[in-house]
Amino acid sequence: SKKKGLSFEEKRARMMEIFFETKDVFQLKDLEKIAPKEKGITSMSVKEILQSLVDDGMVDTDRIGTSNYFWAFPSKALHARKRKLEELESQFAESSQKKEALQKSIEKSKIGREDTAERAALLEELATLRQKKEQLKAEIDKYRECDPDVVEEMRQTNQVAKEAANRWTDNIFSIKSWAKRKFGFEESRIDKGFGIPEDLDYID
């Protein structure tokens, strides 16, 4: 099956991993080389991902001479994320309260009344608030993706998966070696008979 590409938020989280894991300062050209090789982010999308993180205050940037440099440290990113989350959650709570008040007004307006211009306006505002609420939820989820704790958990999960894959690869090589010794099979025959890819190898 065709390999599914990374979502925008997955790319953002992986880009943050580069900064958190190395605690280094990079130029754009450095990240365009590192990101595809180590994090599976296409070089063409690096600039867009990086700019979105700068815009959200997750990554710092400064111009020195003729070059722009980028960096992000977990402590600073965590504080920025917390501030943004608090702001978004405050807006979310305010929108929820307003939505609830509007909903009560709408219900009240139904009693003994036909549809009115006021009710239509309230319904329109309610629809707008519902849309805003969904946008805020999406924003909150976006910042949780860049939480250093979440990034670390993803890194550990990836490491476990990598080790498991390499264990199975090791097992396959052992069985192939045993079959060659025991039955004198050629390696290509074993690969073909059991559907083993010719380029099977350990994951670095």
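Values below: all heavy atoms of this structure, side chains included; hydrogens, waters and symmetry mates excluded. Just so you know, these numbers come straight off a predicted model, no measurement behind them. Numbering starts at 1 and runs along the sequence shown.
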As an exercise, state the distance from [atom1] of [X] to [atom2] of [Y], rounded to the nearest 0.5 Å.
X: Thr128; Y: Lys133; atom1: OG1; atom2: NZ; result: 14.5 Å
X: Arg14; Y: Ser7; atom1: CZ; atom2: OG; result: 9.0 Å
X: Glu38; Y: Lys33; atom1: CD; atom2: NZ; result: 13.0 Å
X: Glu134; Y: Phe92; atom1: CD; atom2: CZ; result: 8.0 Å
X: Lys132; Y: Glu139; atom1: NZ; atom2: CD; result: 8.0 Å
X: Asp24; Y: Phe73; atom1: CG; atom2: CZ; result: 8.0 Å

(message) Using a 6.0 Å cut-off, check whether atom CD of Gln135 has over 12 heavy atoms from anything other than its own residue.
(response)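 Atom CD in Gln135 is packed in, count exceeds 12.
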(request) Taking all non-hydrogen atoms of both residues into account, name the closest pair between Pro36 and Thr42 and its distance. (result)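 Of all heavy-atom pairs spanning Pro36 and Thr42, the closest is CG-C, 4.3 Å.
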Should the pair [X]-[Y] be classified as a salt bridge under the 4.0 Å nitrogen-to-oxygen rule?
X: Lys98; Y: Glu125; answer: yes
X: Glu32; Y: Lys29; answer: no
X: Glu100; Y: Lys104; answer: yes
X: Glu21; Y: Lys39; answer: yes

(message) Just to verify, which of Ile41, Leu6, Ile49 counts as forming a side-chain contact (heavy atoms from CB on, under 4.5 Å) with Arg12?
(response)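 Only one option passes, and that is Ile49.
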(request) Identify which one of Ile34, Val59, Val46 satisfies the side-chain contact (heavy atoms from CB on, under 4.5 Å) criterion when paired with Met15. (result) Val46
Does any non-hydrogen side-chain atom of [Y] lie less than 4.5 Å from one of [X]?
X: Trp71; Y: Asp60; value: yes
X: Leu102; Y: Leu129; value: yes
X: Phe70; Y: Val25; value: no

(request) Could you go through the side-chain contact (heavy atoms from CB on, under 4.5 Å) check for Leu31 and Leu50 one step at a time? (result) CA-CA 9 Å; Leu31 292 168; Leu50 191 58; 3.7 Å; yes
(request) Answer with yes or no after comparing the ring centroid distance for Phe26 and Phe19 against a 6.0 Å cut-off, counting only values under it. (result)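 Here the rings of Phe19 and Phe26 have centres that are less than 6.0 Å from each other.
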Do any N or O atoms from the side chain of [X] and from the backbone of [Y] form a donor-acceptor pair under 3.5 angstrom?
X: Lys11; Y: Phe8; value: no
X: Asp56; Y: Leu53; value: no
X: Thr61; Y: Tyr69; value: yes
X: Ser67; Y: Arg63; value: no

